[in-house]
There are 2 protein chains.
Amino acid sequence: MQRPTWGADVTRTAVLALIGAQGPVSRAELARSLKVSAALVTQLTRQLIADNLLEELDVVPSAGGRPGRLLGLTSSAGNAIGVKVVADHVALVEVQIDGSVVRSATEQFDAFAPDALDRLSRIVGAFLAGSTRPLLGVGVGLPGNVDVASQGVVDSSQLRWQQYPVGQTLRRDHGLPVLVENNVNALTMAERLYGEGRHHDSFLVVTLGTGIGGGLVADGAVVRGASGAAGQIGHVPVIPGGPACQCGNAGCLEALIGEQALVATARERGLRVGGGIDDLRALADEGDAAARAVFQEAGELLGRTLAGVVNVLDPEIVIFLGEGLAAWRHWAPGFEPAFRSGLLPQLRGIGISIESWQDDRWAQGAASLVLATPFDTDGRSGEQGRLVRQRLVDQSLAGGRP
Amino acid sequence: MQRPTWGADVTRTAVLALIGAQGPVSRAELARSLKVSAALVTQLTRQLIADNLLEELDVVPSAGGRPGRLLGLTSSAGNAIGVKVVADHVALVEVQIDGSVVRSATEQFDAFAPDALDRLSRIVGAFLAGSTRPLLGVGVGLPGNVDVASQGVVDSSQLRWQQYPVGQTLRRDHGLPVLVENNVNALTMAERLYGEGRHHDSFLVVTLGTGIGGGLVADGAVVRGASGAAGQIGHVPVIPGGPACQCGNAGCLEALIGEQALVATARERGLRVGGGIDDLRALADEGDAAARAVFQEAGELLGRTLAGVVNVLDPEIVIFLGEGLAAWRHWAPGFEPAFRSGLLPQLRGIGISIESWQDDRWAQGAASLVLATPFDTDGRSGEQGRLVRQRLVDQSLAGGRP
DNA sequence: ACCCCTTTGTTTAGGTCTTAAGGAACCATA
DNA sequence: TATGGTTCCTTAAGACCTAAACAAAGGGGT
């Protein structure tokens, strides 16, 4: 029952992530930022220093009391690969142990092809070959349901995959630990480790892209739900008997304000949006009132629905992510009033964070599966976690002192 | 970060609760039921036996292997008082350490009176005087926001209380530990400990009564949310610009299918429901089609809204509780299809549990605040928890061997 | 009788985290 | 100079939990 959620042992990874993101930091600062006792930081950093992942650096000028000793990353231990799979392409990144991206690529892909899995494996293999550093493992994020991250058997209606042994195949072909997860869960994990979510113990992640996704963090841990499907904000029923949704139901939020729905609405209203959502955004950018109205109405719907979710979950903050944010300024006029007015009065002050979006973010999320794993000592990520750990130790011993 | 949620240490209490509810049980059975390692059960039961709360009984006939030793409650250690406060009355119960109710009472009350708090205290005092057993403490459940259970400062629009020092007052007057919580959270805790929720690690509690309430349990712990307000299912916005709700917003679920709303709707349709919801239910029971339609439509709305919540949270099961369940068979025809059809296909098999309702259930929930507390050794319930613990130890030492 | 199997329960070692208490290093001011 | 206040960090003790190994107590088949 102790921290039974998916989410590995966030704390040690969070130490590395914080140092990676903010540069060298003192132990005291670490304890404050991570909302963890100073004693624990002492213990963890001792281990990390012993493992050659951290090193003591300068002393900080002192601010009234004893000066702190800065801790910095050695960051020579190994990188991780993140893979994002969607229907028509694959994005890959190589990240350092602190979560920063050092290399990325995008490859065409056809998920519907009969040999999709083999092709995916080849694409991953080619990317792996380009790495100059020792690798800890591969994280894969994709739209769909994953049994358990450590196994990696995938069901995805979006990719038309049924019981695809993604994890097994990649492991076999490349001899690296492989962790597979739903893409939004992976992204939520990354957000918790490296993003705005670092500063909050419970938050809601909303992704605006082709679809509408959501991730939940409560008490510091990613909530997977009973069947690993928590967070499906896009499939909250909004309009009874509304347009059909991919999921098989009708009137889901996603069926109303997903990319396709927006474009369809625009087309109905006589707008020229042959090129899809980008055209619609371009029109709105140019000041086209009808285009703006499409976004604004979508914003209202999103705001009202999200208000309900927030009323139920009472998170500290809501974080928006995704490609769709490029048009956020057109959503906002509809979203803000609808959202605030739907919130319970005492929640009305809740913060929202629109994170700037880089396209490799999804893949970075996948990589964080690997980066979170080495420290999951309870084996919640199973055999694959043990392997990642093994590789990490090997390499920090080998690469540390010559 | 270790089990940071509200919710005390469920495990030890759960041991007592299970034994209380199911009678004597072997250690191995405990471990299985509570999904906890056998080693832990050994440790916990050793402590509980040492504390004179449990005792070893007979041996079970054996089923192929070594026979188990049954553990039973001594249940002489002390009782707890649960108090449920609503606008016009107060319900009180005395429960044993296993959660079973031994005594109950209901008193008239006027929460709007200027001296409401003193009167509440007198009511509690009179009930306390009727107890023949040593008491561990008092738990209070009420509709509204509570800062922290251990402090007990209450804001409640429903009771028109602002910053009422409920905990402090009762403590001062009666010299007992007092824990105060939102009523639905308290009920959810009781459900987790003594109800259907024992068997599930994540579930949703929905209360149907004057209002519509909700409680969340994820990974075994009650989710309070960032500001202690999680679970407000009743205030999910459903119809934009709909009828005004107590909370200040418009079109909330509760404003549409709360008791008052149902009665109002019935009245609009010419039904004679002067006596309120009971009349409406009586009509429906008699077969009045219009009355049934009111319930059925409400069921549809509830079903659709709840489907959204379930899609987002992915709980194992949904548990319904509350006075309103008396009319459930009239809700069900509307609820079931709307609920199932709003669920994501893979969640469609989710279980729902309609728990039979006893009116002292709310108060029992409040009492479970106290019963959960003695084992909250990390002091999450603060000073009051320490006091309850103290009393428990004192009495098990004093009352144990004569 | 004997041996193997199953189930129950305990021990041990270990990991994660916390509070409490105190030592270490620096500042300011009397 | 020394005295106290800060801030940083560590030590020590202990709660909660688990996996693994083992001990204990019964079957049943040969």
Side-chain angles (χ1 to χ4, degrees), chain A residues 1-5 7-15 25-49 54 56 58-71 219-221 374-380 382-383 385-386 389, chain B residues 1-5 7-15 25-49 54 56 58-71 219-221 374-380 382-383 385-386 389:
Chain A
M1 209 107 99
Q2 192 191 20
R3 311 254 252 103
T5 350
D9 182 353
V10 154
T11 317
R12 241 173 303 209
T13 307
V15 167
V25 179
S26 74
R27 290 175 178 82
E29 184 57 34
L30 275 174
R32 277 190 299 268
S33 298
L34 302 178
K35 289 176 190 161
V36 132
S37 70
L40 181 58
V41 172
T42 295
Q43 290 177 206
L44 295 183
T45 53
R46 189 173 17 237
Q47 294 171 20
L48 291 170
I49 291 171
L54 289 185
E56 280 200 331
D58 284 346
V59 218
V60 79
S62 137
R66 166 176 172 177
R69 274 168 196 76
L70 291 178
L71 296 172
D219 304 311
F375 309 104
D376 168 17
T377 42
D378 284 11
R380 270 172 300 250
E383 177 64 7
R386 208 187 56 70
R389 213 148 43 241
Chain B
M1 209 105 100
Q2 193 193 20
R3 309 256 251 105
T5 351
D9 181 351
V10 155
T11 316
R12 240 171 306 206
T13 308
V15 168
V25 178
S26 75
R27 290 174 178 82
E29 184 57 33
L30 275 174
R32 276 190 299 267
S33 298
L34 302 178
K35 288 174 189 163
V36 130
S37 69
L40 181 58
V41 172
T42 296
Q43 289 176 204
L44 294 183
T45 54
R46 190 176 14 241
Q47 293 172 18
L48 291 170
I49 290 171
L54 287 184
E56 281 199 332
D58 285 345
V59 220
V60 80
S62 138
R66 166 176 170 177
R69 275 165 197 77
L70 291 178
L71 296 173
D219 305 312
F375 309 103
D376 169 16
T377 42
D378 285 8
R380 270 172 298 248
E383 178 65 6
R386 210 186 53 70
R389 212 145 46 238

Presence of B/Arg32 side-chain N/O under 4.0 Å of C/dT7 phosphate oxygens OP1/OP2:
no

Closer than 4.0 Å, any side-chain N/O of A/Arg46 to the OP1 or OP2 of D/dT10?
no

Value rounded to 0.5 Å, distance of CG in A/Leu44 from CD1 in A/Ile49
11.0 Å

Which pair of non-hydrogen atoms, one from A/Ala31 and one from A/Ala38, has the smallest distance, and what is that distance?
CB-CA, 3.9 Å

In this structure, how many angstroms lie between the P atom of D/dC17 and the NZ atom of B/Lys35, rounded?
16 Å

Extract from the structure each pairing of a protein N or O with an N or O of nucleotides 26-29 of chain C at less than 3.5 Å, listing the distance.
residue : atom : partner : partner atom : Å
C/dC26  : O2   : A/Gly64 : O            : 3.2
C/dC27  : O4'  : A/Gly64 : O            : 3.4

Quickly work out the B/Glu29 CD to C/dT8 P distance and round it to whole Å.
8 Å

When rounded to whole Å, the CD to C1' distance for the pair B/Gln47 and C/dT10 reads 15 Å

Output the rounded distance in Å from CD (A/Glu56) to P (D/dT10).
7 Å

Can you tell me how far the CG atom of B/Leu30 sits from the CG atom of B/Leu54, to the nearest 0.5 Å?
8.5 Å

Whole-Å gap separating C1' (D/dC9) and CG (A/Leu54):
16 Å

C/dA25 P sits how many Å from A/Arg69 CZ, rounded?
7 Å

Nearest-angstrom distance from the residue atom CG of B/Leu44 to C1' of D/dC16:
9 Å

Please figure out whether A/Gln43 or A/Leu70 has its closest DNA chain D nucleotide nearer the 5' end.
A/Leu70

Where each residue is assigned the nucleotide of DNA chain C containing its nearest heavy atom, which of A/Leu40 and B/Ala28 is assigned the position nearer the 5′ end?
B/Ala28

If you look at every strand shown and take non-hydrogen atoms under 4.0 Å, does B/Ala38 touch a base, only sugar-phosphate, or nothing?
base

Student check: side-chain heavy atoms of B/Glu56 and B/Arg27 closer than 4.5 Å:
yes

A side-chain contact here means heavy atoms from C-beta on lying under 4.5 Å apart; do B/Arg12 and B/Gln43 qualify?
no

Are side-chain heavy atoms of B/Val15 and B/Val41 found at a separation under 4.5 Å?
no

Phosphate OP1/OP2 of D/dC9 contacted by A/Ser26 side-chain N/O (<4.0 Å)
yes

Less than 4.0 angstrom between a side-chain N/O of B/Arg12 and OP1 or OP2 of D/dA15, yes or no?
no

Roughly how far, to the nearest 0.5 Å, is CG of A/Leu70 from CD of A/Glu29?
10.0 Å

Rounded to the nearest angstrom, tell me the gap between atom CG in B/Leu30 and atom P in C/dT10.
11 Å

